[in-house]
Amino acid sequence: MIELLILRHAKSDWSTAQRDFDRPLAPRGQRAAPKMAQWLDDNDLPPDRILSSSAVRARQTADFVIEHFGLTENEVTFSDELYLAGSDTWLD
């Protein structure tokens with residue numbers, strides 16, 4: 001059985017003048033993202049594969065999970081197409 005877990009990025013920084021795609025995590029998000037990875041671990045939800053938007057805040061959040069679980073680059077895909085994508089794109 002395939003199980004899909006959807007994880008939203010941690011809190012992003014709205015104080016920058018950067019375009020939406022380039023907004024990084026806020027300090028609060030940088031503190032929360034490792035806790036998100038730990039929550040996955042505590043709940044026995046280790047990812048086999050990560051598909052992520054390549055937006056900066058999504059990538060930064062995913063990086064905490066990748067590091068926590070020791071995933072390799074073969075188990076991770078960052079894609080511009082996933083930024084603001086609908087459910088059909090994600091399921092494809």
Side-chain angles (χ1 to χ4, degrees):
M1 174 170 47
I2 295 175
E3 185 174 46
L4 174 65
L5 175 68
I6 299 172
L7 179 71
R8 189 176 191 278
H9 63 77
K11 177 72 175 161
S12 61
D13 188 353
W14 284 88
S15 69
T16 69
Q18 296 170 313
R19 66 186 183 126
D20 184 67
F21 185 89
D22 296 324
R23 276 190 299 116
L25 291 179
R28 182 173 130 198
Q30 292 173 1
R31 290 187 304 272
K35 293 176 184 177
M36 295 162 70
Q38 186 61 54
W39 183 91
L40 292 171
D41 205 359
D42 291 346
N43 288 277
D44 197 26
L45 294 168
D48 296 319
R49 181 156 183 73
I50 291 180
L51 305 175
S52 174
S53 162
S54 51
V56 171
R57 62 192 176 275
R59 181 181 285 271
Q60 289 175 320
T61 302
D63 283 342
F64 282 101
V65 176
I66 292 164
E67 182 178 335
H68 183 89
F69 288 99
L71 298 176
T72 67
E73 69 179 50
N74 293 335
E75 298 163 320
V76 180
T77 301
F78 291 104
S79 171
D80 289 349
E81 292 177 12
L82 296 176
Y83 174 68
L84 298 179
S87 58
D88 289 343
T89 301
W90 280 97
L91 290 173
D92 283 344

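What you see is a predicted model, and the numbers here were worked out from it, not measured in a lab. Along the sequence shown, residues carry numbers from 1.
- In terms of hydrophobic clustering, with Ile, Leu, Val, Met, Phe, Trp and Tyr side chains grouped at heavy-atom distances under 4.5 Å, V76 and W90 are assigned to different clusters.
- For the pair E75 (side chain) and T72 (backbone), a donor-acceptor distance under 3.5 Å is present.
- F69 pairs by the ring-ring contact (aromatic ring centres under 6.0 Å, His included) definition with nothing, not counting sequence neighbours.
- A distance of 12.0 Å separates CZ in R49 from CD1 in I2, rounded to the nearest 0.5 Å.
- The nearest pair of heavy atoms linking L71 to P47 is CD2-O, 3.6 Å.
- More than 12 non-hydrogen atoms from other residues, nucleotides or ligands lie less than 6.0 angstrom from CD of Q38.
- Screening residues 5-30 for ring pair (Phe, Tyr, Trp, His ring centres under 6.0 Å), with sequence neighbours left out, gives F21-Y83.
- R57 is listed as a side-chain neighbour of D20, based on a closest heavy-atom distance under 4.5 Å.
- Here the straight-line distance linking atom OG of S12 with atom CZ of R28 works out to 9.5 Å at 0.5 Å rounding.
- Side chain of R31 to backbone of A26: no donor-acceptor contact under 3.5 angstrom is found.
- With contacts defined as side-chain heavy-atom distances shorter than 4.5 Å, the pair W39/L7 does not qualify.
- No side-chain heavy atom of D13 sits under 4.5 Å from any side-chain heavy atom of Q18.
- Salt bridge annotation for D42-K35: absent, with no cationic side-chain nitrogen under 4.0 angstrom from a carboxylate oxygen.
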request  = Report the C-alpha distance between M36 and V65 in whole Å, list the side-chain angles of each, state the deciding distance to 0.1 Å, and finish with yes or no for side-chain contact (heavy atoms from CB on, under 4.5 Å).
outcome  = CA-CA 8 Å; M36 295 162 70; V65 176; 5.6 Å; no
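- Remark: L84 CG to T89 OG1 distance equals 10.5 Å, nearest 0.5 Å.
- The CD1 atom of I50 sits 10.5 Å away from atom OG1 of T61, with the distance rounded to the nearest 0.5 Å.
- Between the CG atom in L4 and the CG atom in L91 there is a gap of 7.0 Å [rounded to 0.5 Å].
- Rounded to the nearest 0.5 angstrom, L40 CG and F64 CZ are separated by 13.5 Å.
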Steps toward side-chain contact (heavy atoms from CB on, under 4.5 Å) verdict (T77, L82) = CA-CA 10 Å; T77 301; L82 296 176; 5.9 Å; no
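- Closest heavy-atom contact between A62 and F78: CB-CE2, 3.9 Å.
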